[in-house]
Protein chains: 2
Amino acid sequence: MAASTLSEVARLAGVSLATASRVLNGSSRKPAEDIAERVRDAADKLGYVPNAQAQALAKSSSGLIGLVVHDIADPYFSAIARGVQEAARQQNRMVLLASTSGTPADEKQAVAAFAARRADSMVIAGSRSVREEDKQGNAELAAELDRYCRNGGQVGVVGHPVVGASAADGYHVVEVPNEELAAGLAGQLAATHDGGFVIIAGPEGLYTSDDRVRGFQQGLADAGRPAAEVIRTGFNRAGGFQAGQALAERIKGSKERLCIFAVNDVMAIGVTAALRPEGVWIPRDATVAGFDDIETLRDFRPALSTVHLPLEDIGRLAAGDPDTPPITGTVKLRRSTEAPVGPQL
Amino acid sequence: MAASTLSEVARLAGVSLATASRVLNGSSRKPAEDIAERVRDAADKLGYVPNAQAQALAKSSSGLIGLVVHDIADPYFSAIARGVQEAARQQNRMVLLASTSGTPADEKQAVAAFAARRADSMVIAGSRSVREEDKQGNAELAAELDRYCRNGGQVGVVGHPVVGASAADGYHVVEVPNEELAAGLAGQLAATHDGGFVIIAGPEGLYTSDDRVRGFQQGLADAGRPAAEVIRTGFNRAGGFQAGQALAERIKGSKERLCIFAVNDVMAIGVTAALRPEGVWIPRDATVAGFDDIETLRDFRPALSTVHLPLEDIGRLAAGDPDTPPITGTVKLRRSTEAPVGPQL
DNA sequence: GATGATTGGGAAAGCGCATTCCCATTGCCA
DNA sequence: TGGCAATGGGAATGCGCTTTCCCAATCATC
């Protein structure tokens, strides 16, 4: 990656390095117009592209913003990524991407890599967990983040604080009201559903999942309903599918119409997919609700009841965009939780 | 973003800068073990994180790989992004992300930004077009890429060469056999479908769309079928939706069972969504096929007939992963194009 | 034991740029 | 017209690191 340098431009234009720098890469001092033009011409002729690395080194600010997600192909994360990307664009910066497989150890590595690149800020979008096996990784991640912040870095975390991270400044959490929203969903579902509830949750210790479970149970309690049974499984489609298979028998063997709350949309889709070949129809034989309101899933039928989350705004906010509206969600009741004889849309 | 520097580490360890560099950041020369340990200890104590910018500057290789997509939240692109990300991970590099809104002018800017950051390579995933309005942008993009390649950059383009780019070396195109696959799809559809065909395409001049249209028509011709009517619309869900609305009347007014080929899955979903409230059922009243086999859409019902594309591999290949299998697609016939009285899955 | 071959640490020269000083001009006012 | 402030270009330094080159110490060889 050799390319022409500023000094080459300067030489061709017959000016000093300093002048060329001032003309080409915005400085407070503006050289005279005729000189400026000569420099610009020279730069053009040579196809000069400033070396951002060198600039970053010289003024110690890289214009980079790091983004850590579990899986960029997951629609939940890619929606957040879009928000981050937009914020970065506005701030005239670039985003560095890191997909970790979701383990804190990988995330720590990503953070270190971002720090090495002297990213001005970073956003961590993976869901936090307190599982025993992640303990060590969490501690290391927290330490790494802490160091990064102490060195002046800005970090935005989506959802829950990184476990064990001390509240340094520069450390910023985008709160997602998972618990209240899940409670709201439970309340609205309870208003029209008489039967029992089942929750399909992620592994215990996953904050996002646990919050939604807790909120949902609270909502049920507030509505005077007994607590729902909780089935723990993977936090993805496969997990939902598996849980759906396990539930199929039970649903077919009883005349009770169960309401199934999967803690995210993708899991809800998995549940539905597992139920379908077993002849369990939604919403006739059971109802299903999810969480997130993933855009790509909106044309799914029966339309999935869920909680809408402004994922893009969440990303934007985590990336430090000041004029993002505060994060709120909305319960969306759709066909998948309607009464058996509802309208046909 | 101040942090401790290598020279601080060297001083604390009582060695020279050179030695510290050699032990900490891999060199061919390995200092003695006792000295190495002293350096590592010092680095640990200071929380030293090497400045990747400075390293890049010194050895003129940034370890960066740029990725240009239209929209990172689009499942097509995010799948490719996942592949790129994995390849990058394997090569021990990081990916720089740029979402352009799809105009060549924006893409050019992204390329320039990557070049400024001295990315070792980059992949361009947006679909190429020859539309008149993009002419100028295309030319500029081509020039920018050309310059980048001349300076030793590697670029991988998905699908079609950038219009006007000279075949410099370092310039690498991942060919996607859109045309053959579309022909194959048409052939297989023609084998079981007696009625007419309609193609819902993107705007004229969009290579990906045009290729698929051409291939499909060819496939029909090979099967002795008359050419399909082509409806041009947006290359996204909204476009498909609009086309679907336009088609609804016609389908309802005739007893012919139309086979609709939308040039990508997302458009096919849009078509289906528009048809549904009009009472047009798939596959009873018409059949629908798409292209891409987007993962998130696989649970959609009726299951969408489509052409499977190994998007992740495509990304990996474009990112220069040598042991990616060659790109081939597969026609997937599913429920959406079955005979009216097919099995119920 | 003297000599050449090796090993391994250190000094220093950049990598490409921003920026602080410094100095030669120019313009202005008295 | 002399003196001063203001203007604007240039030389030089440093950002944090890699890498070449140099040199002292050790080793093997005859």
Side-chain angles (χ1 to χ4, degrees), chain A residues 1-40 42-43 46-64 113 115-120 151-152, chain B residues 1-40 42-43 46-64 113 115-120 151-152:
Chain A
M1 278 305 317
S4 52
T5 73
L6 225 206
S7 70
E8 287 172 27
V9 174
R11 186 161 0 112
L12 180 60
V15 301
S16 79
L17 210 59
T19 306
S21 170
R22 293 199 260 253
V23 170
L24 293 177
N25 313 334
S27 147
S28 49
R29 280 180 60 176
K30 296 275 164 221
E33 190 45 46
D34 55 334
I35 280 207
E37 188 142 347
R38 234 168 54 218
V39 172
R40 275 192 290 266
L46 290 175
Y48 170 71
V49 177
N51 185 327
Q53 313 268 7
Q55 291 187 192
L57 187 56
K59 53 181 169 188
S60 58
S61 147
S62 61
L64 252 27
R117 292 235 139 72
R118 298 299 186 266
D120 297 332
N151 286 336
Chain B
M1 276 304 318
S4 52
T5 73
L6 187 59
S7 70
E8 286 171 27
V9 174
R11 187 161 0 111
L12 180 60
V15 301
S16 78
L17 211 57
T19 306
S21 170
R22 292 198 261 254
V23 21
L24 292 178
N25 313 334
S27 148
S28 50
R29 280 182 58 176
K30 296 274 164 221
E33 190 45 46
D34 55 334
I35 281 205
E37 188 142 348
R38 234 167 55 218
V39 172
R40 275 193 290 268
L46 290 175
Y48 170 70
V49 178
N51 185 326
Q53 313 268 8
Q55 291 185 248
L57 186 57
K59 52 182 170 187
S60 58
S61 148
S62 61
L64 251 27
R117 295 231 135 75
R118 296 301 186 265
D120 297 331
N151 287 335

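Here is how names work: the chains are called A, B, and so on, in the same order as the sequence lines, proteins then strands, and each is numbered from 1.
The minimum heavy-atom distance between Leu46(A) and Ser4(A), with the atom names listed, is O-OG, 3.2 Å. Contact between Gly63(B) and Asp120(B) at its shortest, heavy atoms only, is N-OD2, 2.9 Å.
Considering OG of Ser61(A) and CD of Gln53(B), their distance stands at 9.0 Å, rounded to 0.5 Å. Residue Leu6(B) holds its CG atom at 10.0 Å from OG1 of Thr19(B), rounded to the nearest 0.5 Å.
Comparing dG16(C), dA18(C), dC17(D) against the side chain of Ala58(B) picks out dC17(D) as the nearest. Comparing atom distances between the Tyr48(A) side chain and each of dG16(D), dC17(C), dA18(C) picks out dC17(C) as nearest. Among the nucleotides dG16(D), dT19(D), dT19(C), the one closest to the side chain of Lys59(A) is dT19(C).
Rounded to an integer number of Å, the gap from CG of Leu24(B) to C1' of dT18(D) is 13 Å. One interatomic measurement links the two molecules: CD of Glu8(A) to C1' of dC17(C), which rounds to 13 Å at whole-angstrom precision. Whole-Å rounding puts the Leu57(B) CG to dC17(D) C1' distance at 8 Å. Taking atom CG of residue Leu17(A) and atom C1' of nucleotide dT20(C), one finds them 14 Å apart after rounding to whole Å. Across the protein-nucleic acid pair, Leu6(A) atom CG and dG14(D) atom P stand 20 Å apart, rounded to whole Å. Distance, Arg118(A) CZ to dG16(D) C1': 8 Å, rounded to whole Å. In this structure, Asn51(B) atom CG and dC15(D) atom C1' are separated by 8 Å, rounded to whole Å. Look at CD on Gln53(A): it is 23 Å from P on dG14(D), rounded to the nearest Å.
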Just the atom pairs and distances: protein N or O near nucleotides 7-9 of chain C's N or O, under 3.5 Å.
{"unit_1": "dG9(C)", "atom_1": "OP1", "unit_2": "Ala32(B)", "atom_2": "N", "d": "3.1"}
{"unit_1": "dG9(C)", "atom_1": "N7", "unit_2": "Arg29(B)", "atom_2": "NH2", "d": "2.2"}
{"unit_1": "dG9(C)", "atom_1": "O6", "unit_2": "Arg29(B)", "atom_2": "NH1", "d": "2.9"}
{"unit_1": "dG9(C)", "atom_1": "O6", "unit_2": "Arg29(B)", "atom_2": "NH2", "d": "3.0"}

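Between Gln55(A) and dC17(C) there is no side-chain N or O to OP1 or OP2 distance below 4.0 Å.
The backbone N or O of Arg118(A) lies less than 3.5 Å from a partner atom in the side chain of Ser62(A), making a donor-acceptor pair. In this structure, the side chain of Arg38(A) engages the main chain of Ala13(A) through a donor-acceptor pair within 3.5 Å.
We find that Arg40(B) and Glu33(B) are joined by a salt bridge, their nearest charged nitrogen and carboxylate oxygen being less than 4.0 Å apart.
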